[in-house]
Each structure stands twice: as structure tokens, then as C-alpha cells.
Amino acid sequence: AQTVTQSQPEMSVQEAETVTLSCTYDTSESNYYLFWYKQPPSRQMILVIRQEAYKQQNATENRFSVNFQKAAKSFSLKISDSQLGDTAMYFCAFMKHVGDQNFVFGPGTRLSVLP
Amino acid sequence: DSGVTQTPKHLITATGQRVTLRCSPRSGDLSVYWYQQSLDQGLQFLIHYYNGEERAKGNILERFSAQQFPDLHSELNLSSLELGDSALYFCASSTGLALGYNEQFFGPGTRLTVL
């Protein structure tokens with residue numbers, strides 16, 4: 001079974017600074033997808049970024065980027081120029097392959113952006 | 001607003017009771033996913049329906065069942081409720097069958113409290 005670990009239950013960062021959230025996972029699969037989801041206080045789950053395991057290039061979405069290390073089974077999220085609206089729970093998630101819709105989520109990291 | 005609607009927003013009931021949670025996917029989306037978010041278990045995938053057919057099951061208890069109707073809305077039925085079933089239940093929808101290619105959009109969730 002796949003597992004996802006987020007070792008940082010809580011983090012804080014000053015507005016405009018950069019922060020990195022860690023995620024590691026365990027799988028024997030070679031093809032899979034990784035995701036970062038954001039859950040602000042409104043509780044709405046929002047996709048931040050996703051990475052396909054067979055792509056070596058790290059995904060980037062505006063201020064959000066990932067550092068995907070397949071051999072180390074590590075998938076960290078970097079948030080640049082942090083904004084107050086980035087305050088949220090962040091969940092790392094794993095999906096085995098295209099045909100398997102069984103998402104496995106990590107326990108989450110609560111990020112607070114301080115003014 | 002993701003376009004996914006869930007009713008009711010809040011539900012309070014007693015142990016042993018049965019409840020039905022409803023989800024309306026985004027217009028045109030054929031896939032519906034159900035998730036449970038609890039303090040004990042975190043975020044867990046429950047079940048996936050595509051165009052009326054069950055496609056994948058996650059950690060869904062036998063006391064729970066779901067269906068997707070011809071108009072594509074979905075219902076999650078929870079019976080013989082226990083205190084531990086108290087959680088936030090999310091529905092998500094996506095265009096196609098494969099989440100690797102299609103983003104899933106989450107509803108606002110239904111907060112279930114079992115007393």
C-alpha cells in the first residue's frame with residue numbers, strides 16, 4: 001500500500017518570503033502522479049500543483065514549484081513571495097496510475113503566513 | 001466557487017441513524033468522487049463513480065453506500081451511524097475517467113456530527 005508522509009505538522013513564514021513544505025511517499029510503482037492541495041479556512045480543497053512521475057522536469061505554477069526527487073521518493077512544495085492568502089492546510093497526495101483513482105493523502109501541513 | 005454543490009452544509013444526527021449526503025457535479029463532469037476528512041483518519045478516498053457506474057472503492061465502510069443517478073448527481077448514504085463517523089465529507093467531480101489527465105474540483109463539503 002502507498003503511504004504519504006508530511007513531517008511538518010505546522011509551519012510559519014513571513015509575508016513575501018519563501019517556504020518549503022516537505023512530502024515523502026512510499027510506493028513500488030514506477031508510474032504515478034503526485035499532487036499538492038491547499039485547504040484554506042473556507043475548507044475548500046484546491047489543487048495547487050501536480051507532477052507526473054515519468055516527467056523529470058519539476059512542475060511550476062506561478063509562485064508554486066516542486067522539487068521532485070523520484071529516487072528519494074520526495075516531493076516538496078516551494079512557495080515563493082508568500083502571501084497572506086497562502087495561509088492554509090497543505091496536503092500532499094499520491095495517485096498510483098491513470099486507471100486507479102484511489103488518492104492517498106498525507107496528514108497535512110498547516111502553513112501560516114505572517115504579516 | 002468550484003461549481004460542485006453539496007447539500008446539506010451541516011448535519012447533526014444521533015448514533016444509529018441513517019443520513020444521505022447529496023452532491024451535484026460541475027456541468028458536464030461525468031466522474032464523482034467521495035472523500036471523508038476526519039481528525040483521526042485525515043483525508044480518505046471513499047468511492048468513485050463514472051457516468052453512473054462504480055469505478056473504484058477506497059476505505060469505505062460496509063455501512064456506507066453511494067450511487068450516481070442518470071442526471072449525474074450522486075448520493076452518499078451513511079447508516080448505523082457511530083460517533084467516529086463525524087467528519088467532513090467532500091464530493092469532487094472531474095470531466096473524464098482518469099484523474100491523471102483531468103483535474104478534480106471539490107465541493108464545499110458536508111459537516112456531519114454524530115451525537
Side-chain angles (χ1 to χ4, degrees), chain A residues 1-10 21 23-25 27 29-55 59 61 64 68 75 88-110, chain B residues 1-6 9-10 23 26 29-51 53-60 66 68 74 87-112:
Chain A
Q2 283 65 233
T3 58
V4 178
T5 302
Q6 294 176 249
S7 59
Q8 306 148 316
E10 292 190 31
L21 280 57
C23 172
T24 58
Y25 57 94
T27 184
E29 301 290 327
S30 57
N31 292 324
Y32 48 87
Y33 292 85
L34 294 162
F35 305 81
W36 278 98
Y37 279 88
K38 167 184 176 181
Q39 187 178 36
S42 66
R43 308 183 316 193
Q44 186 83 44
M45 292 287 289
I46 302 164
L47 176 65
V48 174
I49 200 166
R50 72 171 198 170
Q51 175 79 41
E52 298 160 54
Y54 60 86
K55 289 188 177 179
E61 286 287 343
F64 299 89
F68 173 49
F75 183 61
M89 281 289 288
Y90 286 82
F91 293 95
C92 178
F94 171 99
M95 187 177 77
K96 195 164 60 174
H97 57 78
V98 170
D100 186 333
Q101 311 299 287
N102 191 342
F103 261 54
V104 178
F105 287 90
T109 294
R110 183 175 301 280
Chain B
D1 185 356
S2 66
V4 179
T5 60
Q6 290 187 248
K9 285 189 177 180
H10 302 277
C23 168
R26 293 187 321 155
D29 283 0
L30 298 177
S31 276
V32 169
Y33 309 83
W34 285 98
Y35 297 88
Q36 179 196 59
Q37 186 176 26
S38 66
L39 289 175
D40 292 342
Q41 302 291 329
L43 260 167
Q44 293 194 95
F45 164 74
L46 295 178
I47 199 163
H48 168 217
Y49 275 84
Y50 176 79
N51 202 22
E53 292 188 10
E54 181 187 304
R55 297 300 301 222
K57 266 187 175 180
N59 297 321
I60 188 166
Q68 186 179 27
S74 178
L88 188 56
Y89 290 85
F90 283 107
C91 161
S93 74
S94 69
T95 304
L97 184 59
L99 275 179
Y101 300 121
N102 303 290
E103 181 179 347
Q104 61 178 332
F105 294 86
F106 283 79
T110 292
R111 169 74 68 187
L112 173 67

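Heavy atoms only: backbone and side chains are in, while hydrogens, waters and symmetry mates are out. Labels below follow one simple rule: chain letters A, B, ... track the order of the sequence lines, proteins then strands, and each chain is numbered from 1.
Only the side chain of Tyr37(A) comes within contact range of chain B, judged by heavy atoms closer than 4.5 Å. If you measure heavy-atom distances from Gln37(B) to chain A, the contacts under 4.5 Å come from the side chain alone. At a 4.5 Å heavy-atom cutoff, Leu46(B) makes no contact with chain A through either its backbone or its side chain.
Chosen from Gly109(B), Gly107(B), Gly42(B), the residue pairing most often with chain A at heavy-atom distances under 4.5 Å is Gly107(B).
Side-chain contact between Tyr33(B) and Phe103(A): absent, with no pair of heavy atoms (C-beta onward) separated by less than 4.5 Å. Between Leu43(B) and Met89(A) there is no side-chain heavy-atom pair separated by less than 4.5 Å.
The CD atom of Gln44(A) lies 7.5 Å from the CZ atom of Phe90(B); values are rounded to the nearest 0.5 Å. Rounding to the nearest 0.5 angstrom, the gap separating the CD atom in Gln39(A) from the CG atom in Leu88(B) is 7.0 Å.
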